[in-house]
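One structure is given here, and the rest of the page talks about it.
Computed from heavy atoms alone, side chains included, the values below leave out hydrogens, waters and symmetry copies.
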Amino acid sequence: MQNSTIVAQAPDLHKASAPTSLEISDLHAFYGESHILHGVNLHVQEGELVTLLGRNGAGRSTTLKAIMNMVGRRTGSIKIHGKQVITSPAHHIARLGVGYCPEERGIFAALSVAENLMLPPVVCAGGMSLDDIYGMFPNLYERRFSQGTRLSGGEQQMLAMARILRTGAKLLLLDEITEGLAPVIVQQLAQVLLQLKEQGLTIILVEQNFRFAAPLADRHYLMEHGQIIEEIHSSELTAKQALLNTCLGV
Amino acid sequence: AISDNEVRIGYLADMSGTYRDLAGPNGLTALNMAVEDFGGKVNGAAITVVSADDRNSPDVASSTVRQWVESDGVDMVAGMVASSVTIATTKILEQSNKLGIVSGSAASSITDQYCTANHIHYVYDTYPLAHGTAQAVVKEGGDSWFILTADYAFGHSLEKDVEKVVRENGGTVMQKVRHPFPTSDFSSFILQAQGSGASVVALANAGSDTINAINTAGEFGVTQSGQSLAALLLFLTDVHALGVDVAQGIQLTTGWYWNKDAEARAWSDRFMERTGVRPTMVHAGIYSSTLHYLNAIKAAESDDTQKVRQKMIATPINDMFAKGGEIREDGRMVHDMYLAKVKTPAQSKGEWDLYDIIRTIPAKDAYRPLADSQCKLIKGTVAVK
Amino acid sequence: MSSEFVLETRNLVKEFKGFTAVDKVNLQIKRGHIHALIGPNGAGKTTVFNLLTKFLTPTKGQILFNGRDITAMKPASIARLGIIRSFQISAVFPHMTVLENVRVALQRFEGNSFHFWSSDKTLNKLNQRCYQLLESVGLADWADTPTVALSYGRKRALELATTLAMEPELILFDEPTQGMGHEDVERVVELIRQTAVGRTVLMVEHNLSVVSQLCDRISVLTRGVVLTEGDYQTVAANPEVREAYMGSEVGSEVGSEVGSDAAEDKDSSAPTNTNQVHNTAAGPLEVH
Amino acid sequence: MSIIFGVPMAVLFGQLLLGLINGAFYALLSLGLAVIFGLLKIINFAHGAFYMLGALCAVVLFNAFGVSYWLTLLLVPILVGALGVAVEYFLLRKIANEEPIYSLLLTFGLALVIQGVFTNIYGVSGLRYAMPEVFRGGVNLGFMFLPYYRAWIIVVALLVCLATWLMIEKTKLGAYLRAGTENSPLLQAFGINVPLLVSLTYGFGVMLAAFAGVLAAPIYSVTPVMGANLLIIVFAVVVIGGMGSIVGAVITGLAMGVIEGLTKVFYPEASSTVIFLVMVLVLLVRPAGLFGKEA
Amino acid sequence: MLILYAVLLVAALFAPLLVYPVFLMKILCFSLFAVAFNLVLGYVGLLSFGSAAFLATGGYTTGYLLTSYSTLTPEIAIVAGTLVATALGLVFGLLAIRRQGIYFAMITLALAQLVFFFFVQAPFTHGENGLHGIPRGELLGLIDLQDNMNMYYFVLAVFIAGFALVQRMIHSPYGQVLKAIKENEARAISLGYHVDRYKLLAFVVASGLAGLAGSVKVLVFQLASLNDAHWQMSGEVILMTLLGGVGTLFGPVVGATFVVSLEHELSQGALGDWINVILGGIFIVCVLAFRAGIVGELQKWLKKKRQ
Ligand SMILES: Nc1ncnc2c1ncn2[C@@H]1O[C@H](COP(=O)(O)OP(=O)(O)OP(=O)(O)O)[C@@H](O)[C@H]1O
Ligand SMILES: Nc1ncnc2c1ncn2[C@@H]1O[C@H](COP(=O)(O)OP(=O)(O)OP(=O)(O)O)[C@@H](O)[C@H]1O
Ligand SMILES: [Mg+2]
Ligand SMILES: [Mg+2]
């Protein structure tokens with residue numbers, strides 16, 4: 001939890017002074033009886049791409065879910081664009097311009113590909129148009145009438161990603177989006193993320209695939225046992241290599 | 001002498017279910033009216049009334065009545081609608097030698113194979129219902145019958161009685177169909193009735209089954225196509241629910257009608273003041289039988305069950321309910337019955353102006369003769385004959 | 001009963017509504033081996049387990065146990081033959097005490113499980129053995145704790161104790177170290193090593209260090225198909241496996257360390273082995 | 001005239017048609033139950049009570065204010081549906097995360113309350129709703145006399161079933177509903193007010209029941225207990241069709257109407273039991289019902 | 001616990017001096033019925049919606065035997081009723097035990113409706129009228145059961161026996177397995193338990209006990225009626241059990257006592273017209289506020305207090 005000091009050394013002053021998109025302090029989350037997050041603190045500036053790293057079960061996915069108020073119970077403070085949302089229901093949070101892409105993809109079996117794509121309501125102006133999306137993911141266009149879950153894993157992942165791009169969300173919470181994707185698609189996704197970043201979107205990325213995330217991210221948060229144990233700026237990666245290895249290795 | 005110096009009457013009826021309107025809470029009012037009219041005391045002993053909902057369940061009825069007679073000192077149980085309730089109750093009354101006056105039930109078996117020396121069946125039963133209506137209809141030329149029967153004991157006994165009457169009077173029964181109890185959609189049965197080619201469609205059922213069947217018959221134009229409809233058991237409340245435009249012209253047999261004479265009308269007016277509705281024959285019967293019972297206690301100067309029952313049997317009934325009514329040895333109260341016809345909308349001058357009494361069925365013809373009875377109380381007499 | 005293979009499958013197929021989760025899998029598990037089944041998420045590992053224990057019915061194919069065809073048997077009967085499985089999501093009886101959890105397993109051998117007329121005190125004679133088993137997994141102190149109150153790692157240990165109580169000939173572990181902390185993992189590895197003596201073990205495991213430490217033979221499953229088989233060395237050296245599962249040897253700066261090379265530290269005690277790179281479709285991708 | 005099993009052909013035709021009509025009615029009622037169960041996992045034992053309320057409201061509105069049949073057909077489902085929304089909001093929501101059995105109990109209690117209250121107000125003899133003028137009479141089809149109103153029932157019931165199906169399968173709202181049954185937390189995370197959606201869905205299911213009630217008012221005796229006996233049959237229909245399957249509910253409803261109708265001809269005593277026989281047989285062969293998805 | 005049992009036993013022995021014995025017997029019969037039902041719902045986790053079939057089968061068998069064969073002593077008729085109900089339970093169980101959740105409830109309901117139809121149609125039940133005047137007879141040819149006190153102690157004995165059986169069952173080696181199955185069925189299977197057989201046994205025993213309750217009830221009221229077979233009876237026992245507390249030993253007893261007394265009070269009081277409204281209201285309140293049932297909530301509260 002030494003993050004605040006580290007922020008001060010962040011070299012990219014432009015980013016540091018940008019308005020804060022998300023600010024979380026002392027976030028605790030519970031599933032029923034089990035206490036999963038033990039006081040998470042993090043903040044993300046507008047236009048930043050930040051990753052959450054950690055082992056399986058460290059609580060990264062839970063952090064994203066907690067932001068969306070999809071956990072059993074949560075306490076602490078979460079501010080999105082300065083607005084306190086700890087008591088808001090999930091749909092209010094989404095309407096603030098947050099797009100969430102879940103780990104398990106969450107493609108609806110009862111809906112066709114096109115219906116899945118059109119499902120999330122537009123929350124902000126400036127989302128991608130349907131044409132743009134189909135242009136970016138031609139597979140989806142081809143299979144737009146088939147049942148959502150009939151897609152291959154990779155296609156499902158594209159769909160899950162695509163459908164929140166349509167909504168115009170300004171803050172994206174992406175959970176393991178490269179999982180199960182062919183290298184070429186992963187590459188494509190990297191391009192997409194860069195593009196989105198250029199458009200000024202703010203992104204929190206939960207990734208196992210560190211090599212995918214490393215070149216894209218501005219900063220990394222390292223999680224363990226439901227807490228942030230380290231914050232690493234992209235320029236410090238080499239310096240903190242050892243730490244990363246011990247924390248992410250077994 | 002009056003046991004523990006108090007006469008206790010228990011009123012048992014369906015207060016919340018399908019038969020609620022027939023006797024129900026208003027029956028309790030009728031009973032209370034009788035007690036009040038009698039003066040609230042008999043030979044100096046107070047009269048108290050307790051009541052319970054039998055929920056149409058013989059179980060509930062029998063546990064309630066057991067407790068009444070075995071531990072609460074109830075002397076007489078009145079009301080009783082569902083025949084299963086009545087049979088269960090009278091068995092208990094027989095065991096504990098208390099009196100029951102049945103006003104609501106229809107089954108003629110109550111004074112036949114189920115008769116006891118401990119109850120009286122007061123208002124009507126299936127025998128005159130079948131005879132009165134069926135005889136009249138056959139005589140008017142309705143000689144081929146389709147009988148639609150509710151598939152339970154009451155329906156079966158009504159069906160049997162009707163069939164017999166129709167045959168005896170030279171008619172034929174072309175088809176009999178038994179429908180489950182209860183049924184809400186009768187269209188299929190009405191269609192079968194129409195297809196049967198019978199000239200009379202008889203309904204051997206009761207309550208909402210009858211109402212639904214009549215409604216459906218109207219909808220499918222049964223009467224327009226030349227068939228006539230005979231409802232074997234139809235209460236004032238049923239006709240009221242159907243409305244005269246649907247029910248018009250239906251013939252039925254009743255034990256009493258609120259507008260049959262001045263005396264009846266006067267009592268009905270008092271009843272209506274307290275309840276807001278016109279009384280059914282069951283309500284009137286409860287009032288009448290309770291008064292008769294209290295008078296018998298007064299005369300017998302005892303509330304001993306058998307003494308009172310004998311007194312009741314010995315005394316003819318002449319009141320707003322019946323003229324020259326008599327209680328037989330088997331417990332059957334025999335009195336004049338009436339063949340009525342439901343008025344047309346044009347004839348009907350008010351919400352409750354529903355019947356034209358077209359004929360009186362004299363008491364002696366109305367009920368099953370003792371000679372045909374299987375009642376254990378009178379088998380001896382029959383044998384002597 | 002001394003055939004070489006304890007368990008064999010012949011062209012095992014499982015289809016879910018047109019989707020083939022397991023496709024013509026032929027496995028041969030040697031007696032006395034610790035055999036691992038690895039592969040990316042959704043490869044069909046758990047499904048294979050479910051087929052072997054008949055929690056799912058195979059669409060096609062045969063399962064042989066000690067040479068005997070058990071394809072048509074019921075799950076409980078299979079367990080009675082001595083094939084006991086653990087579950088991916090820990091399988092304990094949450095509202096029974098830790099001791100009772102083990103005891104209910106031991107109880108099966110008593111033959112009194114249908115005795116509804118006798119007291120459960122008759123079971124107390126099993127307690128001794130239960131304590132022993134609990135001792136062996138380090139749970140003796142928790143014997144009277146209701147199982148819900150145990151931490152995740154301890155639940156797994158308990159599950160192991162229960163499984164051991166069955167004296168199985170073949171144990172199937174589905175990700176026994178999943179969700180465990182560092183120390184726990186080591187303990188469980190030790191435990192499995194102990195229990196495997198004189199038994200055969202088939203396990204699904206994502207933790208390659210565990211696999212490399214324990215396993216005699218490995219089958220790699222991808223998209224329902226066995227990609228390759230062999231000992232850790234062989235498998236790890238297979239480029240296809242690397243691409244589909246383990247990750248490529250050399251990546252970008254940091255990545256190379258993190259996704260580090262299991263193949264190089266295959267020596268079984270290397271604790272710093274590898275991240276659980278269970279999906280490295282990223283493969284040869286060079287983003288920069 | 002040809003005879004089949006001792007029954008004239010013509011009668012059989014008539015019975016088949018009637019069976020279909022009754023079936024359409026069952027379909028309408030089961031549809032509401034299926035929507036509520038399928039989308040909300042609520043076992044709505046109060047469905048019969050809402051059906052009764054629909055019929056009763058029609059009568060009361062007509063008797064007290066002379067509201068026309070057509071207006072009633074529109075107004076009553078909205079009124080009763082609003083009550084349904086209130087029930088969901090104030091009661092069912094509190095137990096949303098409990099097992100379905102609790103929703104069954106709660107709605108069962110609710111049905112008792114509703115029925116009890118109206119029994120005390122209106123008695124049980126039944127109220128009458130006069131057949132609307134336009135529907136008086138019928139047409140002779142040769143093999144049977146078909147009252148206009150029955151014809152109207154089958155048309156309108158099937159239309160409503162079709163419209164409901166279209167709405168659920170083909171509209172955006174329907175997509176929300178289907179998505180909500182699969183993963184409602186995620187749907188909410190997309191910015192959709194799922195709690196509101198749940199209330200409206202329950203309200204809609206209740207509306208369908210009330211609509212069936214209004215349809216029933218002119219032909220059945222309207223009593224506070226009219227729904228109680230029907231409920232269990234409608235339930236059986238939903239189970240046979242596969243809990244929650246909308247198509248299943250509609251098709252099974254129609255089929256059960258026909259089967260029941262034929263039973264009324266060949267073995268009338270068993271006509272209210274035959275459906276349970278079918279249910280046993282279906283569940284033995286297909287544990288999740290004809291159109292249900294196996295768990 | 002032992003003290004509690006002792007106090008309850010003494011209370012039960014002296015109760016008929018204060019309360020009308022037939023009413024107490026009714027409570028005992030329904031308690032036994034609910035205890036049997038709870039064995040399946042509370043300890044196997046299966047909701048049966050067809051319990052009435054067993055109650056009625058036991059009842060009708062006993063009633064029919066006693067009315068038709070006057071030499072029969074009541075205990076033989078009761079045993080016969082119980083056995084027939086047990087056999088029916090076996091048939092139901094074999095057909096239904098594989099189904100789960102709502103489907104189990106529905107298939108048992110459907111089967112029970114078929115049984116109901118049989119009782120409606122079979123001549124020996126006398127349909128709606130019911131079987132009346134069933135002689136209570138003399139227990140073992142010695143004790144006159146017509147006497148309410150004798151009858152009461154007999155019913156009490158039967159109830160205690162049934163209750164003890166259930167209590168023993170859930171604290172037996174078998175009970176342990178049952179508990180394990182309820183907690184985690186898949187794990188129980190993988191330990192080698194044929195879970196269907198264990199479930200079936202519990203279901204069959206519960207059916208037998210329900211039949212026993214029905215047999216004794218018929219003897220108490222000397223009457224067997226269709227009410228016992230109606231689906232509403234199956235519903236009622238569910239309500240009793242839930243109200244008292246599912247999966248607690250005393251819950252069903254408390255629930256049955258509560259419901260029977262309440263119905264009794266309401267049917268006789270001034271609130272008679274409102275009986276359904278009040279019952280319905282109670283269920284709503286229970287589901288909203290006391291989901292664990294009376295005994296269940298009490299246990300929770302005691303536990304909290306102890307901590
Ligand atoms: N619904 C749930 N109920 C109870 N515990 C849960 C639930 N979901 C997750 N957990 C637990 O919370 C902890 C953190 O899980 P989380 O999914 O956040 O991990 P993660 O860091 O995303 O790891 P992974 O790589 O497995 O996705 C884990 O121990 C997990 O077992
Ligand atoms: N009951 C089922 N119906 C349909 N598809 C299923 C079913 N069970 C599993 N699958 C599919 O089969 C595939 C294999 O699943 P399985 O659980 O065997 O994977 P796994 O290899 O164990 O993965 P993991 O490492 O994530 O546990 C997955 O795509 C899964 O979605
Ligand atoms: Mg995760
Ligand atoms: Mg798996």
Side-chain angles (χ1 to χ4, degrees), chain D residues 37 41 43 45-46 49 87 90-92 94-95 98-120 224-225 228 232-233 235-236 238-240 242-244 269-270 272-284 286-289 292 294-295, chain E residues 41 45-47 49-50 92 94-96 98-121 127 230-232 234-236 238-239 241-243 246 266 271-289 291-293:
Chain D
F37 182 82
K41 299 285 167 281
I43 300 174
F45 248 74
V87 164
F90 290 108
L91 301 175
L92 289 166
K94 308 275 187 292
I95 53 163
E98 305 295 332
E99 298 203 2
I101 164 110
Y102 288 107
S103 67
L104 184 156
L105 272 183
L106 188 100
T107 49
F108 181 79
L110 190 67
L112 280 182
V113 170
I114 295 176
Q115 272 164 27
V117 167
F118 287 95
T119 302
N120 276 302
V225 292
I232 188 148
I233 299 213
F235 233 94
V238 174
V239 171
I240 294 170
M243 298 286 300
E269 290 90 336
S272 62
T273 308
V274 66
I275 192 165
F276 295 103
L277 185 65
V278 174
M279 180 152 122
V280 171
L281 296 177
V282 166
L283 287 189
L284 286 180
R286 286 192 61 100
E294 289 207 32
Chain E
L41 178 62
L46 288 174
L47 173 68
F49 219 119
F92 271 43
L94 285 173
L95 291 174
R98 286 279 188 71
R99 309 283 168 262
Q100 266 161 3
I102 189 79
Y103 291 102
F104 181 81
M106 284 297 150
I107 199 166
T108 45
L109 169 68
L111 288 168
Q113 287 295 102
L114 299 184
V115 171
F116 179 76
F117 180 70
F118 169 76
F119 286 135
V120 170
Q121 296 297 325
H230 201 273
W231 66 268
Q232 275 160 359
S234 304
E236 195 147 319
I238 298 177
L239 298 174
T241 309
L242 281 165
L243 209 63
V246 181
L266 286 180
L271 289 171
D273 297 2
W274 296 92
I275 180 162
N276 287 327
V277 180
I278 293 170
L279 279 176
I282 288 175
F283 296 135
I284 294 178
V285 170
C286 270
V287 171
L288 290 178
R291 223 158 299 141

Segment of I232(D) engaging chain E (4.5 angstrom heavy-atom cut-off): side chain
L111(E) versus chain D, the contacting section by heavy-atom distance below 4.5 Å: both
Segment of I275(D) engaging chain E (4.5 angstrom heavy-atom cut-off): neither
Proximity breakdown for A111(D) and chain E, heavy-atom pairs closer than 4.5 Å: neither
Contact leader toward chain E among V117(D), T107(D), T119(D), V274(D), where contacts are heavy-atom pairs under 4.5 Å: V117(D)
Per-residue contact mode, Q232(E) against chain D (heavy atom under 4.5 angstrom): neither
Pairs of heavy atoms under 4.5 Å with chain D: top-ranked of V120(E), I282(E), L114(E): L114(E)
Pairwise side-chain contact, L239(E) with F108(D), heavy-atom cut-off 4.5 Å (strictly under): yes
Interchain contact, Q115(D) with chain E, by part (heavy-atom threshold 4.5 Å): neither
Inter-residue atom distance E99(D).CD - R291(E).CZ, 0.5 Å rounding: 11.0 Å
Residues forming a ring-ring contact (aromatic ring centres under 6.0 Å, His included) with F276(D), sequence neighbours excluded: none
Residue I95(D) versus chain E: region with a heavy atom under 4.5 Å: side chain
Residues, nucleotides or ligands: over 12 heavy atoms within 6.0 Å of E98(D) CD: yes
Residue selection (most heavy-atom pairs with chain E, distance under 4.5 Å) from V239(D), T273(D), V280(D), N120(D): N120(D)
Verdict with reasoning, L277(D) to F117(E), per side chain to side chain contact (heavy atoms under 4.5 Å, CB included): CA-CA 11 Å; L277(D) 185 65; F117(E) 180 70; over 6 Å; no
Spacing of CD1 belonging to I102(E) relative to NZ belonging to K41(D), to within rounding of 0.5 Å: 11.0 Å
From CA spacing to verdict: side chain to side chain contact (heavy atoms under 4.5 Å, CB included), L288(E), L91(D): CA-CA 8 Å; L288(E) 290 178; L91(D) 301 175; 3.5 Å; yes
Distance, nearest 0.5 Å, that separates CG of L106(D) from CD1 of I284(E): 5.5 Å
From R98(E), R99(E), Q100(E), residue fulfilling side-chain contact (heavy atoms from CB on, under 4.5 Å) relative to P287(D): R99(E)
Spacing of CE belonging to M279(D) relative to CD belonging to Q113(E), to within rounding of 0.5 Å: 8.5 Å
Contact check, side chains of L284(D) and L95(E), non-hydrogen atoms, under 4.5 Å: yes
Heavy-atom pair count under 4.5 Å with chain D, highest-scoring of V285(E), L242(E), I238(E), L279(E): L242(E)
Ring geometry between F49(E) and F45(D) (parallel below 30°, tilted from 30 to 60°, perpendicular above 60°): parallel
